[in-house]
Amino acid sequence: MEISEYYQKHTVRERIVDFLGGKSAESATCLFITDSDSPENTDFTIRPPGDLGFFLKNELDLSRSLWDRKYLLAHLDIEYVNFDYEAEPYLDAPRTFRLQEPTVKAVERVLQEYRISPRHFISGRGHHFVWQIRRDSDLYYRLARLGRLSEGLKEYYQDRPAPTGEYVEEELGRAFVGLGMVMEFVAHHVRATARSDTLIPVELSALAVPPQERGREMISIDISEYGDPLCTRVCRVPFSVYLKPWRRLQSVSEAVRAEIPRMVLVPLHEMDTQEGFNAMRDLKSAEELATRASSTIPDETERMERLVDSYEHSSLASFHQWFYSENHEQVSQWPSTYDAMPLREYPECVEAVLENPNDILKQSVGYRLLVRALTAFNWHPRQIAGLIRSKFERDFDWGNEWIFYHAATRADFYTRIFSAQVYLGIDTLEDLSCEAIHAAGVQTHGGPPCELEELKSKLTGVHL
């Protein structure tokens, strides 16, 4: 079966529309659909959901906005990442999914503790768990009270309407940030539950790790959408084709690309991962699955109440309150604050990152290195975020990065995640090194060498 024939199947189209949130594409509750998972891509095409036929006619993959008129979407993404062999998850998929099983089971255990039943589907590199919260519920307003929305992000939202002309209002923006803090709480628990049973490292985000059996491979608990504005982030749609290997594998030869099989995103409905894996790679099986499997995003509003209760009574929530107790330095003050850092007094790895921020600060490892090093020098984590923001908002050839995304929000999010791991004793510092700096081709000079044991001792027992 060809993709054109597959997309013409009535049941396939129905399941796609179900995930968009409506009885028809025109009545869908999502604000837009696109054929890519990142607005940085040159082929990123945003259209209203009513234009679904355009994507299907052109045999494109499909993502929907997290931005929704009636719901706040919770999305947890588990995926295998290999920094040395990009095609690895597609060429040896059985191993890829086998390595993820402990983390997937950890997600299921953590969510089951609160009786949350997400829609679970698989894509080319991993698993997606999706559920939603009604925007007219008490829980939604509770999340809005938890969330922080900077003046800069408010202005950002006011300048970026959806294709329908609608804007992200302040309350929705705050609720999305609040949900992100709760999802961070979930992600930390999943990581803690999974780490002892997983054969390769498990991290929050795609974080470069030391070499494993097949290069620098790891499992990412990806909640990165909560580090960007709501109007920029999307979620792949079940029963759409998966074209990422051919769009994003820049370093892979044509011969290797030819070995990668065609794939479709499918929900795990009354089947295990192996059965889902077989359906994902066969259009006829995916079509048959569409006749019996739901793709509607479940409403878990009531069950989320207990999860938010647990978060609000957690050490992480206390850390978040402390994190936001300070603000970034005003832009007008950067020359006398962030720019005036005596870099030669800091480890050479810090100097290297700050003098050459692109592209090491586009990688999670760059954030973590600065968080670890500057925490040891008694920096407040929000000031570390402000320092990183000051690099993002300067001319370091960032390209389109900050046209689509928001520098201050991104800096806060990743700094918050990695500093929480240090302050709460989650980060064991077992792999503290500057290897990532050298691997990126950045030359170090001038500053004192990074004395790893001394830095570890400084970070041991750090407390609020």
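Side-chain contact between F176 and L143 is absent, with no heavy-atom pair separated by less than 4.5 Å. Looking at Y242 and M280, their side chains never come closer than 4.5 Å, going by heavy atoms from C-beta outward. With a 4.5 Å cut-off on side-chain heavy atoms, E5 and V12 do not count as touching. Taking the side chain as every heavy atom from C-beta outward, E225 and F413 never approach each other to under 4.5 Å. Using a 4.5 Å heavy-atom cutoff, the side chains of L76 and V186 are in contact. Contact of the L204 side chain with the R191 side chain is registered, since non-hydrogen atoms from C-beta on lie closer than 4.5 Å. Proximity of P229 to V168: side-chain heavy atoms (C-beta onward) are nowhere separated by under 4.5 Å. Residues L73 and R64 have side chains in contact (heavy-atom distance under 4.5 Å, counting atoms from C-beta outward).
The side chain to side chain contact (heavy atoms under 4.5 Å, CB included) test applied to D136 returns R134, not counting sequence neighbours. The ring-ring contact (aromatic ring centres under 6.0 Å, His included) search around H406 returns Y156, not counting sequence neighbours. Residues meeting the ring-ring contact (aromatic ring centres under 6.0 Å, His included) test with Y414, sequence neighbours left out: Y367. A search for ring-ring contact (aromatic ring centres under 6.0 Å, His included) contacts involving F129 returns H120, not counting sequence neighbours. A search for side chain to side chain contact (heavy atoms under 4.5 Å, CB included) contacts involving P298 returns R119, W131, E300, not counting sequence neighbours. Listed by chain and residue number, nothing satisfies the ring-ring contact (aromatic ring centres under 6.0 Å, His included) test with H188 (two or more places apart in sequence, or in another chain).
The closest donor-acceptor contact from the side chain of D35 to the backbone of L62 lies at 3.5 Å or more, if one exists at all. Using a distance-only test at 3.5 Å, with no hydrogens or angles considered, a donor-acceptor pair links the side chain of D282 to the main chain of S285. For R148 (side chain) and L146 (main-chain N/O), a donor-acceptor pair under 3.5 Å exists by modelled atom type. In this structure, D84 contributes its side chain and R216 its backbone to a donor-acceptor pair below 3.5 Å. In this structure, the side chain of R236 does not engage the main chain of S63 through any donor-acceptor pair within 3.5 Å. For T232 (side chain) and D228 (main-chain N/O), no donor-acceptor pair under 3.5 Å exists by modelled atom type.
There is a side-chain donor-acceptor pair under 3.5 Å between E101 and T273. Looking only at atom types and distance, the side chain of E166 has a donor-acceptor partner in the side chain of T164 under 3.5 Å away. Judged purely by distance below 3.5 Å, without hydrogens or angles, the side chains of H269 and S294 never pair a donor atom with an acceptor atom. Side-chain atoms of Y80 and E217 form a donor-acceptor pair, as typed in the model, at a separation below 3.5 Å. Between the side chains of N82 and E86, no donor-acceptor pair of N or O atoms lies under 3.5 Å. No side-chain donor-acceptor contact under 3.5 Å links R160 and Y167. Between the side chains of T301 and D299, at least one donor N or O sits under 3.5 Å from an acceptor N or O. S27 and S24 form a side-chain donor-acceptor contact under 3.5 Å, judged by distance and modelled atom types alone. When only modelled atom types and interatomic distance are considered, Y114 and S310 share a side-chain donor-acceptor pair under 3.5 Å.
Using a 4.0 Å cut-off between charged side-chain N and carboxylate O, E288 and R292 make a salt bridge. In this structure, D309 pairs ionically with R142, as a charged nitrogen and a carboxylate oxygen lie closer than 4.0 Å. Salt bridge present: E151 and K154 bring a charged side-chain N and a carboxylate O closer than 4.0 Å. Salt bridge status for D61 with K244: absent, with no side-chain N to carboxylate O gap under 4.0 Å. Ion pairing between a basic and an acidic side chain is recognised when a charged N comes within 4.0 Å of a carboxylate O; R135 and E171 show no such pairing.
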Can R382 and E326 be said to form a salt bridge (Lys or Arg N to Asp or Glu O under 4.0 Å), step by step?
CA-CA 6 Å; R382 195 77 189 286; E326 289 201 13; over 6 Å; no

Report the C-alpha distance between R95 and D92 in whole Å, list the side-chain angles of each, state the deciding distance to 0.1 Å, and finish with yes or no for salt bridge (Lys or Arg N to Asp or Glu O under 4.0 Å).
CA-CA 6 Å; R95 177 179 180 271; D92 193 352; 5.0 Å; no

Between K284 and E287, does the salt bridge (Lys or Arg N to Asp or Glu O under 4.0 Å) criterion hold? Intermediate values first, please.
CA-CA 5 Å; K284 184 63 179 176; E287 180 212 343; 3.5 Å; yes

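Taken from SG in C235 to CG in L66, the straight-line distance is 6.0 Å, to the nearest 0.5 Å. Between the CD1 atom in I122 and the CD atom in Q100 there is a gap of 9.5 Å [rounded to 0.5 Å]. Taken from CG in L72 to CG in L172, the straight-line distance is 6.5 Å, to the nearest 0.5 Å. In this structure, the separation between OH on Y226 and NE2 on H75 is 8.0 Å, given to the nearest 0.5 Å. Q383 CD to R389 CZ: the interatomic distance, rounded to the nearest 0.5 Å, is 11.0 Å. Between the CG atom of L139 and the CG atom of L307 there is a distance of 9.0 Å, given to the nearest 0.5 Å.
Of all heavy-atom pairs between M181 and Y324, the closest is SD-CE1, 4.1 Å.
For the ring pair (Phe, Tyr, Trp, His ring centres under 6.0 Å) with F319, the lone residue among Y423, F418, F185 that qualifies is Y423.
Taking the six-membered ring where the residue is Trp, Y311 and H320 present tilted rings, their angle falling between 30° and 60°.
Other residues, nucleotides and ligands place more than 12 heavy atoms under 6.0 Å from the CG atom of N58.
Checked against the 6.0 Å centroid criterion, the rings of H127 and F121 do not qualify as a close aromatic pair.
Cation-pi check for R410 over F392 is not met; the charged atom does not lie both under 6.0 angstrom from the ring centroid and within 45 degrees of its normal.
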